[in-house]
Engineer: 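Handing you this structure, nothing more for now.
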Amino acid sequence: MQRGIGTMRVELGGHHESWDLHEHIARDIPDEIADGFYPSAPSVTLGWHLIDDLPLPDRGPDPTKRHLARFSLSLFGYSCPKNWDEYRKRIFETNAMRELEAQLVEAIGPVKRAISWSV
C-alpha cells in the first residue's frame, strides 16, 4: 500500500483473483492482437489524483485539460500489445472486465472508462 497526499494506492496483485483476471483476459483477446500482453496485478488508487496520460479518445472533448479521478483501477503487465487500438477496444469487452466493472458500479456507482499505457 502506498500513500500520497490525500491518496491511497492499494495493490491487489498477490491475490488469487489477480491471476484469474490474467487468465480470463488471455482467453478473450487473441494473441495476434495481444502479442503476449495479458495484464493482472490490479491495484486501486483512492482520493483525488491526476490521470493525464490518456490517449484520444479517452481524454474527452478537451484534450488540453488534465483529468482528476477519485478512484482508479490499474492493471500491470509486461511488454505491450501488438495492436494497441484494437486491444484498447477489446479489453473492455472481455467477460473479466465486464464483471469487474459491474462490481465497481454496484459498489461506488457509475464509472468512466479510460485506458493508458505506461511503457
Side-chain angles (χ1 to χ4, degrees):
M1 178 170 25
Q2 277 182 323
R3 274 184 186 244
I5 298 174
T7 65
M8 180 186 323
R9 183 178 178 130
V10 181
E11 305 284 336
L12 307 172
H15 201 272
H16 74 278
E17 288 163 353
S18 169
W19 186 251
D20 290 345
L21 181 66
H22 172 90
E23 291 295 312
H24 287 284
I25 291 173
R27 207 173 310 142
D28 291 345
I29 299 179
D31 200 49
E32 60 268 11
I33 293 167
D35 195 28
F37 177 76
Y38 300 107
S40 60
S43 63
V44 294
T45 303
L46 306 168
W48 287 108
H49 57 283
L50 287 173
I51 302 178
D52 56 1
D53 61 344
L54 299 177
L56 289 172
D58 297 327
R59 288 185 195 148
D62 185 352
T64 63
K65 290 191 176 181
R66 301 176 85 186
H67 298 293
L68 285 172
R70 283 192 353 193
F71 173 92
S72 66
L73 168 73
S74 301
L75 303 176
F76 175 81
Y78 291 104
S79 77
C80 60
K82 187 179 285 185
N83 184 335
W84 292 30
D85 290 332
E86 185 65 18
Y87 194 96
R88 177 181 286 113
K89 183 177 94 176
R90 289 191 181 210
I91 193 167
F92 291 118
E93 296 172 355
T94 64
N95 290 332
M97 293 302 287
R98 285 181 186 188
E99 289 176 22
L100 184 56
E101 184 175 359
Q103 291 173 0
L104 290 173
V105 168
E106 184 178 326
I108 65 170
V111 296
K112 291 184 180 178
R113 297 177 178 175
I115 190 167
S116 64
W117 309 104
S118 176
V119 293

Engineer: Any link between Tyr38 and Tyr78 through a network of hydrophobic side chains (Ile, Leu, Val, Met, Phe, Trp, Tyr) touching at under 4.5 Å?
Structural biologist: no

Engineer: With rounding to the nearest 0.5 Å, note down the distance linking OH in Tyr87 to CZ in Phe37.
Structural biologist: 5.0 Å

Engineer: Check this for me, if you would: do Glu23 and Arg27 make a salt bridge, where the nitrogen-to-carboxylate-oxygen distance has to be below 4.0 angstrom?
Structural biologist: no

Engineer: Which heavy atom of Arg113 sits nearest a heavy atom of Phe92, and at what distance?
Structural biologist: NH1-CB, 3.5 Å

Engineer: Just how far is it from atom CG of Asn95 to atom CG of Leu100, taken to the nearest 0.5 Å?
Structural biologist: 12.5 Å

Engineer: Would you say Asn83's side chain and Glu86's backbone share a donor-acceptor pair under 3.5 angstrom?
Structural biologist: yes

Engineer: Can Val111 and Glu101 be said to form a side-chain contact (heavy atoms from CB on, under 4.5 Å), step by step?
Structural biologist: CA-CA 8 Å; Val111 296; Glu101 184 175 359; 3.9 Å; yes

Engineer: Nearest 0.5 Å, please: how far is CD in Glu93 from CZ in Arg98?
Structural biologist: 6.5 Å

Engineer: With rounding to the nearest 0.5 angstrom, report the CG to CD1 distance, Leu75 to Ile25.
Structural biologist: 5.5 Å

Engineer: Could you go through Phe71 and Thr45, starting from their C-alpha distance and side-chain angles, then the distance that decides it, and tell me whether this counts as side-chain contact (heavy atoms from CB on, under 4.5 Å)?
Structural biologist: CA-CA 6 Å; Phe71 173 92; Thr45 303; over 6 Å; no

Engineer: Near Glu106 CD, under 6.0 Å, is it more than 12 heavy atoms from other residues, nucleotides or ligands?
Structural biologist: no

Engineer: CD of Glu99 to OG1 of Thr94: how many Å apart, nearest 0.5 Å?
Structural biologist: 9.0 Å

Engineer: Shared ILVMFWY cluster between Ile91 and Phe76, side chains joined below 4.5 angstrom?
Structural biologist: no

Engineer: Can you tell me how far apart CG (Asp85) and CD1 (Ile33) are? Round to the nearest 0.5 Å.
Structural biologist: 11.0 Å

